[in-house]
Structures are given as C-alpha cells and as structure tokens.
Q: 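The structure under discussion is supplied below as structure tokens; questions concerning it will follow.
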Amino acid sequence: MARPVVAIVGRPNVGKSTIFNRIARERIAIVEDTPGVTRDRIYTHSIWLNHEFSLIDTGGIEFADQPFMTQIRNQVDIAIDEADVIVFLVNAREGITDADEKIAQILYRAHKKVVLAVNKADNPEQRQDIYDFYALGFGDPVPVSGTQGTGLGDLLDAIVAEFPTEIEDDDDQSIKFSLIGRPNVGKSSLVNAMLGEDRVIVSEIEGTTRDAIDTKFTDESGQEFTMIDTAGIRKRGRVYEATEKYAVMRAQSAIDRSDVVLFVIDGKDGLREQDKKVAGYAHEAGCGIIIVVNKWDLVKKDTKTMAEFTEKLRGELQYLEYAPIVFVSALTKQRLIQLPEMIKTVSENQQRRVQSSVLNDVLLKAVAITPTPNVKGHRLRVYYLTQVAIKPPTFVVFVNDPDLFHFSYQRFLINQLRQTFDFAGTPIRLIARKRK
Ligand SMILES: Nc1nc2c(ncn2[C@@H]2O[C@H](COP(=O)(O)OP(=O)(O)OP(=O)(O)O)[C@@H](O)[C@H]2O)c(=O)[nH]1
Ligand SMILES: Nc1nc2c(ncn2[C@@H]2O[C@H](COP(=O)(O)OP(=O)(O)OP(=O)(O)O)[C@@H](O)[C@H]2O)c(=O)[nH]1
C-alpha cells in the first residue's frame, strides 16, 4: 500500500538521525557526536494518529569525497524526489547558518510541502529563540528536542497536516510487483523483455506525484499488473543513483508498494551481500517473493546445474525457503513467459484464507505427529488456530504459555500449513497468544 513519504533534511549534526529514531520509536541508528557517522537504517515506517507513513533520513546517504555543499545538495534532491513532506531541521543553538539558507533556497524552488523544525530546543529560553527561524520563510517553526523527546507530537501533527488528501484508487485490481536486485543483474533488460512480449499489452505509463513511473500491463488471461518503478530501472540521471544506500532505500520503498517482489540475481555471479539485505527486507515486509535467476544463458550447464544452483541458494537464503526459483534469460527470453503466471499464483497464495475448522484439523494432526515440547517440566499446550490476516497470511495460535512456544515448534507448524495449503511464494506469520 502506498503511504506518504516523509524525509528529514538538514546540515550534518543538527540531529536528523536522533529525530528519525525518535519518530521511528526505535533506537536503530547510532548517534554520535561526530558529523556523518555511519548509520545503517535510513528508511523506516511510522504511524501517528492513524496516519501511516514512511520516513527517510537523508543524512544516512553519504557521498564520500564530495564537497560539503554538494553532499547536502544531493541529500536535499533525494528528499525532493522521494518525499511528499520534507522536514527541514535546523539547530536552535546555532541560529541560521549559510548552509541552512542554501537548503532553504533549494527547498523553496522545489514547491514541496516543508515543515520547519528547530532541534536542540532543550529548555524554555531556547524555545524562545526559535522566532529567528521565521526568516527562512517556511512558516511557524516547530521547536523540538531530539534528546529530550519534547515537541515531537507537535512536529508529527504538523507533518500529517501536510499529507496529500487524495485517497488510493480502490478500483485498482492489478497485482503490484517490482524487480529488486543489485546493479547489473539485468532488471531493466527483464522489464523490457517482459513488456516486449507479444502477449503483453502495455496499457499505460503513468507518472505519479513522486515522479516515479509505474507501468500497467495486461497478460493473455486479462489479468492486470502494475510494475512499480525501482532505482536502476529507469534512471533519472542523478549522481546519487549510484550510491548503495540510495539504491537500497529505493528498493525498500518499491517493496512497500508491492504485493510481489521479483528478487533478481545474476546466474553467472551468484548471490552477494547486498542481495541478501534487500531480500530480507521484502521478507519482513510480508511480500510475496519469487527468486529470478537471470542470465541463465551464460551459465555452462549439464543436467545437474540447476539442482546444484538451487541447493546452494536455499542454503544461503534459508528464510526464503518458500520462494519459488525460476531460471531465466532476458537475452533469449527463456521462461519469461512463465513470470506473469507465477506472480499471479503467488499473489493468490498471499491472499489465501483458510477456515478455522480446517485449520484446527491440521493442528490436531500436527500435534499427533509431533507432540508439543516439554520445556523444563512444562508442556506447551496448543488449543486453537485461526487466521487473522492475509497479505501475508497471519495466524494466531492460542497456547497455555507463549514462552514455551519455541522457534522449532513454530517452524514445524508453519511447515504443516505449507504442506496442507498452497502458500508458495508467500511468507507466513504465526503469533502465539495466551488463552485466557
Ligand atoms: N542538546 C541536544 N543535542 C541533540 C539533540 N538532538 C541531537 N543532539 C545531538 O546532536 C548530535 C548530532 O545528532 P545526529 O542525530 O547524529 O545528527 P545528524 O543530523 O543525523 O548528523 P549527520 O549524521 O552528520 O547528518 C548528537 O551528539 C546528538 O546527541 C537535542 O535535541 N538537543
Ligand atoms: N547474456 C545475458 N546478458 C544479460 C541478460 N540480462 C541482462 N544482460 C546484460 O547485463 C547487463 C546489465 O543489464 P541491465 O538490464 O542494465 O541490469 P540492471 O539490473 O537493470 O542494472 P542497473 O540499471 O545498473 O541496476 C547488460 O549489459 C545486459 O545486456 C541475460 O539474460 N543474458
């Protein structure tokens, strides 16, 4: 589902990652007194008063060896390209600096919704000082303190007030999917080859508010698909497109909007670290996943090659055991015809609902095959299984004590579900609740 995107911009050390973490309510980034510390997470989800949104900390995208102002410029450009609302963060203790004024000029020309937040307003005097910041021309400055956690409610109110009001197109029955993968694995080639198939009718290419380009097409059976644009597929010619953090952030945002993700890897090179990161995110997000091994034409094959490749891949990506693997070539178009059908099946599996009565038959049989574990003299008891959500299928199992419900037994139950119903391609979530 598409959510509004909020990006935080500002000079180094104004407290972007501190505020990011506060809003994300998790201490996920490392906060240090050194400007430009390396941080891992720059993209997260948050919710305020029923408004869900994605949040980007542009400070986490670094441009080594670039002059100070170029770095800031790139970060602000990313915010302008990606975000619906930009939080422009300044420092109450330092007043308006030259860099702040430059950022203001860029933002001003971009005609984006901007919320001005004055950080490090830790005490009442500093909160008084914020009036100077009216001079930046973005209306009422909101005083906040990242370290104390004050003012965040007002900041979030100001942010959600700027969210676009247009509602999502509910009539859109198309299956949304994206292609994710390292540079050069052949994503663009696959897209072009898929859209170039005779049997595929490309119906529209639409630019959305965020400058992203999604492509709609219909397959032979009349099923509609929306291909979500990802960085690396259609380049906008920006310098920052080459940075890994940016690519990962774009991939995460595409994953958030997708029902199904085609995780593309290079059949010749195999799997790399960066691949795993993005695949892990898709798994956590609950997307359907298909592993697409591209450039299969370049691989010297005998009868065992495919099985060996599969086994190696399964070993490296154990948590993706449910994802089907398909070996294709964008060049020769081998097996590309299967992709729309596979996406459709995975999407159906992701929306599968199973009645509680049927589920409890499975549960009874499962317990008969493998009795529940005994942990330090306490036996786990499972009483009832019910499905509470789809996309991804999510089940609640009522037990005597959730602490006794260990990972191995969860896995066993999930496997029983997979053996009984077709959940190929979709993650399954299992939540243990104590029966009252
Ligand atoms: N006094 C005070 N210090 C703060 C506040 N918010 C952040 N800081 C401190 O300011 C420093 C920089 O914070 P960061 O969150 O890393 O700043 P940043 O803007 O993400 O920095 P870059 O990574 O360089 O872009 C840290 O030492 C924080 O502890 C605040 O509200 N009050
Ligand atoms: N032999 C062979 N070459 C391929 C295949 N698919 C892509 N290529 C080549 O691999 C290179 C990279 O392909 P792209 O489609 O640009 O890869 P990408 O993943 O979109 O790359 P970025 O745009 O950098 O993210 C190009 O030279 C393609 O011609 C394939 O199936 N077989």
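For ligands, and for the atoms within them, numbers begin at 1 and follow the listed sequence.
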Q: Just grab all the ring-ring contact (aromatic ring centres under 6.0 Å, His included) pairs involving residues 139-165, residues at least two apart or on different chains.
A: His51-Phe163, Phe53-Phe163
Q: N/O to N/O below 3.5 Å, does that happen between Val185 and ligand 2?
A: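 It does: an N or O of Val185 is found under 3.5 Å from an N or O of ligand 2.
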Q: Run the side chain to side chain contact (heavy atoms under 4.5 Å, CB included) check on Thr147 and Asp122 step by step: do they pass?
A: CA-CA 8 Å; Thr147 43; Asp122 301 340; 4.0 Å; yes
Q: Please report the shortest heavy-atom distance between Pro324 and Gly425, naming the atom on each side.
A: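 Scanning both residues completely, I find the closest heavy atoms to be CD-CA, 3.5 Å.
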Q: Heavy atoms only: which of Ser189, Ser329, Gly267 is nearest to atom 15 (O) of ligand 2?
A: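 Shortest heavy-atom distance from atom 15 (O) of ligand 2: Ser189.
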Q: Can you list everything that forms a salt bridge (Lys or Arg N to Asp or Glu O under 4.0 Å) with Glu125? Sequence neighbours excluded, please.
A: none
Q: Which of the numbered atoms in ligand 2 are under 4.0 angstrom from any heavy atom belonging to Lys187?
A: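 Listed by number with element: 15 (O), 17 (O), 18 (P), 19 (O), 20 (O), 25 (O).
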Q: Indicate the ring-plane relationship of Tyr281 and Tyr43, choosing parallel, tilted or perpendicular according to the 30° and 60° boundaries.
A: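 Taking Tyr43 first and then Tyr281, their aromatic rings stand perpendicular (interplane angle over 60°).
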Q: Of all the heavy-atom pairs spanning Pro4 and Glu52, show the shortest one and how long it is.
A: CD-O, 3.3 Å
Q: Is Gly146 close to ligand 1, meaning an N/O of one under 3.5 Å from an N/O of the other?
A: yes
Q: Of the listed options (Asp122, Asn119, Leu89), which comes nearest to atom 2 (C) of ligand 1 when hydrogens are ignored and any heavy atom counts?
A: Asp122
Q: Report yes if Leu190 has an N/O atom closer than 3.5 Å to an N/O atom of ligand 2; otherwise report no.
A: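 N/O-N/O distance below 3.5 Å does not exist for this pair.
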Q: I want to know whether Tyr322 and His283 have ring centres closer than 6.0 Å.
A: yes
Q: Between Asp57 and ligand 1, does any nitrogen or oxygen pair lie at a separation below 3.5 Å?
A: no
Q: For ligand 1, which atoms have a heavy atom of Ser17 less than 4.0 angstrom away?
A: 14 (P), 15 (O), 16 (O), 18 (P), 20 (O)
Q: May I ask you to check whether Lys295 has an N/O atom sitting below 3.5 Å from an N/O atom of ligand 2?
A: yes
Q: Under 4.0 Å, heavy atoms only, figure out whether ligand 2 is touched by the backbone of Leu331, its side chain, both or neither.
A: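 The answer is both, backbone and side chain.
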Q: Less than 3.5 Å between some nitrogen or oxygen of Gly15 and one of ligand 1, yes or no?
A: yes
Q: Identify, by atom number and element, the atoms of ligand 1 in contact range of Arg11, meaning under 4.0 Å from any of its heavy atoms.
A: 19 (O)
Q: Side chains of Ile180 and Leu262, heavy atoms from C-beta outward: is any pair under 4.5 Å?
A: no
Q: Below the 3.5 angstrom mark, is there an N/O of Leu298, backbone or side chain, next to an N/O of ligand 2?
A: no
Q: Report the part of Arg93 in contact with ligand 1, treating N, CA, C, O as backbone and CB onward as side chain, heavy atoms under 4.0 Å; options are side chain, backbone, both, neither.
A: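 It is the side chain that gets close, since no backbone atom is under 4.0 Å.
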Q: Any nitrogen or oxygen of Gln148, side chain or backbone, less than 3.5 Å from one on ligand 1?
A: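 N/O-N/O distance below 3.5 Å does not exist for this pair.
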Q: N/O to N/O below 3.5 Å, does that happen between Ala330 and ligand 2?
A: yes
Q: Are Tyr108 and Phe138 an aromatic pair by the rule of ring centers under 6.0 Å?
A: yes
Q: Identify the two heavy atoms, one from Leu271 and one from Lys276, that lie closest to each other, and give their separation to 0.1 Å.
A: CD2-CE, 3.8 Å
Q: With atoms numbered from 1 as shown, which atoms in ligand 2 lie under 4.0 angstrom from a non-hydrogen atom of Asn184?
A: 11 (C), 12 (C), 17 (O), 18 (P), 19 (O), 21 (O), 22 (P), 24 (O), 25 (O)
Q: In terms of heavy-atom contacts, does CD of Glu321 have more than 12 from other residues, nucleotides or ligands at under 6.0 Å?
A: yes
